[in-house]
Amino acid sequence: MRISIRFLLLAAALAWAAACGGSIQDAFPVNGAAVADADGELSVKTGTLNANETWSGHIVIRGEAELPEGAALTIERGTRIHFDAESSPASKLIVRGELYVQGDADAPVSFIAAPRSRKWHGALMEPGSSGRFLHARFTAAKAHIRSSSVQAQFCQFENASVHAALAVEASAPLIEDCRFLGNDAAIQCDRQASPEILNNTIAGNVWGVLCDNGSDAIIERNFIGNNRETGVLCRGASSPQIRSNNIARNGGYAVKDGGRLDDNFIQGNNGAHPAAVEKSLNTQGQQVNGVEEIVNARSAQHLEAGDRLFR
């Protein structure tokens, strides 16, 4: 009964996300001139930011807004940040200093871009930067992390197209208790990235987690399910540690072409019957293919896997 309730909640969440995706542009216009608070106030950010800033209300980023090294930016709860769809170069927040996104469950910080845009709009954490994304919601916008001194916790990434919703490059940040819903790819690890991907819900995307070019992520206690393609795909000699996850009902393999598996619950992937649980330690099977080793195959789901809001 626990697992069916979980999937019902997930289906409802996916339907809600899809509904939001159809009305993002109406609810949160990305043209800066159209966005204003009730009193008409609007802040437009572009170029190099001041030494220290605090953002609240409605913000529009036009072109590239850069937080320099040694500077700090605090974004308060409920702030909505729109990336101008018409900007050239594409609008983005480039962080070389310290970024603190301080949303909460009742008033997350929103990063919003035009749906299905082929331009990259989002927050780029450069090497040497630091910060924390707490209760942030990325709608069509993306995050790219190149620093190990970054945490993303209780965030939601939805409706990102073309590129991964969250990309991690050559660094080891913490990604914990987040949701990834309806993206082309949820998380991509590249160039020997080794993030800790803990207690996330990765569902309803095209791809789940992509590990490229020698990336050795720790993927632990996540729910990775109902993605159109493979749950965890490894390429370019990547060898992630995949432990204590529930990996279920993905259209492709649960895990493919790399990775060391331990204590995962694997069910109904790659065309297997939805109730079929993979108990074999064979590294070439119907639900896994080309993995490096399987230490233990679990026969019952992990009740603690997935972000805490889905438990």
Side-chain angles (χ1 to χ4, degrees), residues 1-11 13-14 164-165 179-190 195 197-307 310:
M1 177 62 70
R2 183 69 175 264
I3 192 167
S4 44
I5 291 174
R6 178 190 185 84
F7 284 126
L8 284 172
L9 288 172
L10 179 59
L14 290 172
R179 296 180 185 177
F180 297 83
L181 306 173
N183 304 289
D184 281 1
I187 303 172
Q188 182 179 23
C189 308
D190 197 10
I197 302 173
L198 311 177
N199 285 110
N200 300 282
T201 294
I202 301 168
N205 308 283
V206 177
W207 301 93
V209 181
L210 304 176
C211 293
D212 290 322
N213 299 313
S215 293
D216 299 332
I218 297 173
I219 303 172
E220 186 171 333
R221 299 190 309 276
N222 302 280
F223 172 69
I224 305 172
N226 300 325
N227 299 292
R228 192 184 310 169
E229 301 290 344
T230 295
V232 181
L233 177 63
C234 305
R235 303 179 293 201
S238 295
S239 181
Q241 302 294 317
I242 303 169
R243 303 190 292 252
S244 304
N245 302 281
N246 293 335
I247 308 176
R249 298 176 175 83
N250 295 286
Y253 289 100
V255 184
K256 188 174 186 292
D257 291 344
R260 300 180 182 277
L261 281 64
D262 184 11
D263 194 37
N264 296 284
F265 176 72
I266 296 175
Q267 181 184 46
N269 300 277
N270 198 39
H273 188 280
V277 176
E278 183 61 61
K279 301 177 184 178
S280 171
L281 301 183
N282 186 354
T283 58
Q284 304 279 348
Q286 182 178 0
Q287 298 192 53
V288 297
N289 183 271
V291 303
E292 295 161 80
E293 69 173 356
I294 302 175
V295 175
N296 178 41
R298 189 176 176 89
S299 60
Q301 66 165 326
H302 286 280
L303 296 182
E304 73 277 15
D307 76 90
F310 266 160

Closest heavy-atom contact between [X] and [Y]?
X      : Y      : value
Gln287 : Ala276 : NE2-O, 3.2 Å
Asn205 : Gly182 : OD1-N, 3.2 Å
Ala275 : Gln267 : O-NE2, 3.5 Å
Ala217 : Ile197 : CB-CD1, 4.2 Å
Ala248 : Phe223 : CB-CE1, 4.5 Å
Ala186 : Ile202 : CB-CG2, 3.6 Å

- Run the side chain to side chain contact (heavy atoms under 4.5 Å, CB included) check on Ile224 and Ile219 step by step: do they pass? CA-CA 10 Å; Ile224 305 172; Ile219 303 172; 4.2 Å; yes
- Item | Partner of Val288 under side-chain contact (heavy atoms from CB on, under 4.5 Å), chosen from Leu261, Ile242, Thr283 |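 For Val288, the side-chain contact (heavy atoms from CB on, under 4.5 Å) test succeeds with only one of Leu261, Ile242, Thr283, which is Leu261.
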Any side-chain heavy atom of [X] within less than 4.5 Å of one from [Y]?
X      : Y      : value
Arg243 : Ile218 : yes
Asn245 : Val232 : no
Arg235 : Leu210 : yes
Asp257 : Asn289 : yes
Val255 : Asn264 : no

Look only at the side chain of [X] and the backbone of [Y], and say whether a donor-acceptor pair between them is shorter than 3.5 Å.
X      : Y      : value
Asn227 : Gly252 : no
Ser215 : Ser238 : no
Asn226 : Ala203 : no

- Query: Can you check side chain to side chain contact (heavy atoms under 4.5 Å, CB included) on Leu233 and Val209, steps first, answer last?
  - Reply: CA-CA 6 Å; Leu233 177 63; Val209 181; over 6 Å; no
Could you state the interatomic distance from [atom1] ([X]) to [atom2] ([Y]), rounded to the nearest 0.5 Å?
X      : Y      : atom1 : atom2 : answer
Glu229 : Asn270 : CD    : CG    : 10.0 Å
Cys211 : Lys256 : SG    : NZ    : 13.5 Å
Glu293 : Asp262 : CD    : CG    : 8.0 Å
Phe265 : Glu278 : CZ    : CD    : 11.0 Å

- Start with the C-alpha distance between Arg298 and Asp263, add both sets of side-chain angles, then the distance that settles salt bridge (Lys or Arg N to Asp or Glu O under 4.0 Å), and finish with yes or no. CA-CA 5 Å; Arg298 189 176 176 89; Asp263 194 37; 3.4 Å; yes
- Query: Checking side chain to side chain contact (heavy atoms under 4.5 Å, CB included) for the pair Thr230/Trp207: CA distance, chi angles, key distance, verdict?
  - Reply: CA-CA 6 Å; Thr230 295; Trp207 301 93; 4.0 Å; yes
- Task: Let me see the working for Arg221 and His302 under side chain to side chain contact (heavy atoms under 4.5 Å, CB included), right down to the final yes or no.
- Result: CA-CA 8 Å; Arg221 299 190 309 276; His302 286 280; over 6 Å; no
